[in-house]
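One structure is given below, represented as structure tokens, and several questions about it will come after.
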Amino acid sequence: LRAVTKVMASLRAHRPSLPPVFAFMYDLPWALVLGMWDFAEGVLGATCVLEPSLAAFKLDHVASRAGRRLAGNNFGRPHRDYGRHEALAADGTPRVLSVWMPL
């Protein structure tokens, strides 16, 4: 995890600052994703497919409070990525699992 954190910090240190999602150009973040795969399939009880909205964020609360918008910063308001009809099967079992990993 420390290595991924260093990659993201290095991206932020560039001038201009590069979005944290660029960390996925390297193998380390993908190793984290693949390392959680069996867990995700166990939770959902089915074979998983990687959903295309994979993201990375470097939260900066000071910039947010100051009204500065940065690529890869946090969201301004709580939100849901999927509505109920997309996230749950007709019988109520989950179809989507969002995993957030703080580094």
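Quick caveat: nothing in here was measured; it's all calculated off a predicted structure.
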Distance col, row Leu18:CG vs Ser10:OG, nearest 0.5 angstrom, shows 8.5 Å
Hydrophobic clusters here meaning ILVMFWY residues chained together by side-chain heavy-atom distances under 4.5 Å, can you tell me if Phe22 and Val33 are in one?
yes
Quick check: do Leu50 and Trp37 have side-chain heavy atoms less than 4.5 Å from each other?
yes
Heavy-atom pair of closest approach, residues Pro19 and Leu11:
O-CD1, 3.9 Å
Does Val99 reach the side chain of Met36, with side-chain heavy atoms less than 4.5 Å apart?
yes
Side-chain heavy atoms of Met101 within contact of Leu32, under 4.5 Å
yes
For the CZ atom of Arg95 and the CZ atom of Arg84, what is their distance to the nearest 0.5 Å?
12.0 Å
I want to check something: taking the side chain as every heavy atom from C-beta on, are Pro29 and Phe24 in contact at a cut-off of under 4.5 Å?
yes
Taking all non-hydrogen atoms of both residues into account, name the closest pair between Leu28 and Ala3 and its distance.
CD1-CB, 3.4 Å
Is there a path of hydrophobic side-chain contacts, each under 4.5 Å between heavy atoms of I, L, V, M, F, W or Y residues, that connects Leu34 with Leu44?
no
Side-chain (Glu41) to main-chain (Asp38) donor-acceptor, under 3.5 angstrom:
no
Return yes when atom OH of Tyr82 has more than 12 non-hydrogen atoms of other residues, nucleotides or ligands closer than 6.0 Å, and no otherwise.
yes
Less than 4.5 Å apart, side chain to side chain, heavy atoms only: is that true for Leu54 and Trp30?
yes
Does Leu97 share a hydrophobic cluster with Leu88, counting links as ILVMFWY side-chain heavy atoms below 4.5 Å and allowing steps through other members?
no
Return yes if some donor-acceptor pair links the side-chain N/O of Thr5 with the main-chain N/O of Leu1 below 3.5 Å, else return no.
yes
